[in-house]
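I have placed the structure first, in the form of structure tokens, so that the comments after it can refer back to it.
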Amino acid sequence: MPAESASAAPPAAEPALAEPAPAGLASAELAPVSLQTIANAYRDYTRKSLEEFGSFVEQLSGVRSLDKAMSVQTEFVKRAYENSVAESQKICELHNRLAKQTLDPFKGLTGKTPATHGKP
């Protein structure tokens with residue numbers, strides 16, 4: 001029996017490992033972006049969109065009036081648009097970071113820093 005209680009201790013240690021995760025998330029934001037990171041963002045957005053569409057179809061199939069159907073459809077389109085804009089901005093930022101990472105090693109070749117055209 002004491003061996004069982006000793007084996008119960010590692011699961012208690014797992015939450016302690018979960019505490020540094022926010023620091024890991026912060027470092028993930030600063031971590032280099034790769035094509036895989038961008039592909040994962042697209043995959044996550046696609047999965048989320050399909051799940052939301054499935055939910056929409058379920059809601060729409062339970063509707064018994066035209067007014068309610070229009071309301072459900074309007075809400076779905078509004079959410080889909082908002083999510084699309086937010087995810088597009090996120091993915092665009094990943095592409096920008098990847099481009100900057102790729103071009104950073106070549107900054108020293110010209111001997112001067114490129115013009116930013118008013119951007120900081």
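If you read the sequence from its start, that first residue is 1, and numbering goes on from there. Computed from a predicted model, the values in this text were never measured in an experiment.
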Give me the atom names and distance for the closest heavy-atom approach of Thr102 to Leu98.
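For Thr102 and Leu98, the tightest heavy-atom pair comes out as OG1-O, 2.8 Å.
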Report the C-alpha separation of Lys78 and Tyr81 in whole Å, then their side-chain angles, then the decisive distance to 0.1 Å, and conclude whether the side-chain contact (heavy atoms from CB on, under 4.5 Å) test is met.
CA-CA 5 Å; Lys78 182 179 175 184; Tyr81 173 76; 6.0 Å; no
Rounded at 0.5 Å granularity, tell me how far [atom1] in [X] sits from [atom2] in [Y].
X	Y	atom1	atom2	answer
Asp44	Ser49	CG	OG	10.5 Å
Lys90	Asn83	NZ	CG	11.0 Å
Lys68	Gln59	NZ	CD	7.5 Å
Arg43	Ile38	CZ	CD1	13.5 Å
Leu94	Arg97	CG	CZ	6.0 Å
Gln73	Phe56	CD	CZ	5.0 Å

Indicate, with yes or no, if [Y] and [X] share a hydrophobic cluster defined by side-chain heavy-atom contacts under 4.5 Å among Ile, Leu, Val, Met, Phe, Trp and Tyr.
X	Y	result
Val72	Val57	yes
Tyr45	Phe53	no
Val63	Val77	yes
Leu35	Tyr42	yes

Give a yes or no on whether the backbone of Ala80 and the side-chain of Ser84 come within a donor-acceptor separation of less than 3.5 Å.
no
Do any N or O atoms from the side chain of Gln101 and from the backbone of Val33 form a donor-acceptor pair under 3.5 angstrom?
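Present.
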Where do Ser55 and Glu51 land on the side-chain contact (heavy atoms from CB on, under 4.5 Å) test, with the steps shown first?
CA-CA 6 Å; Ser55 175; Glu51 289 171 358; over 6 Å; no
Thr37 side chain to Ser34 side chain, donor-acceptor N/O pair below 3.5 angstrom:
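Yes - a donor-acceptor pair under 3.5 Å links their side chains.
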Mind checking side chain to side chain donor-acceptor pair (under 3.5 Å) for Thr46 and listing every partner two or more places apart, or none if nothing turns up?
none
Taking the side chain as every heavy atom from C-beta outward, state whether Glu93 and Asn96 have any pair of such atoms under 4.5 Å apart.
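Answer yes - side chains close enough.
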Using salt bridge (charged side-chain N to carboxylate O under 4.0 Å, His left out) as the criterion, list what pairs up with Asp67, not counting sequence neighbours.
none
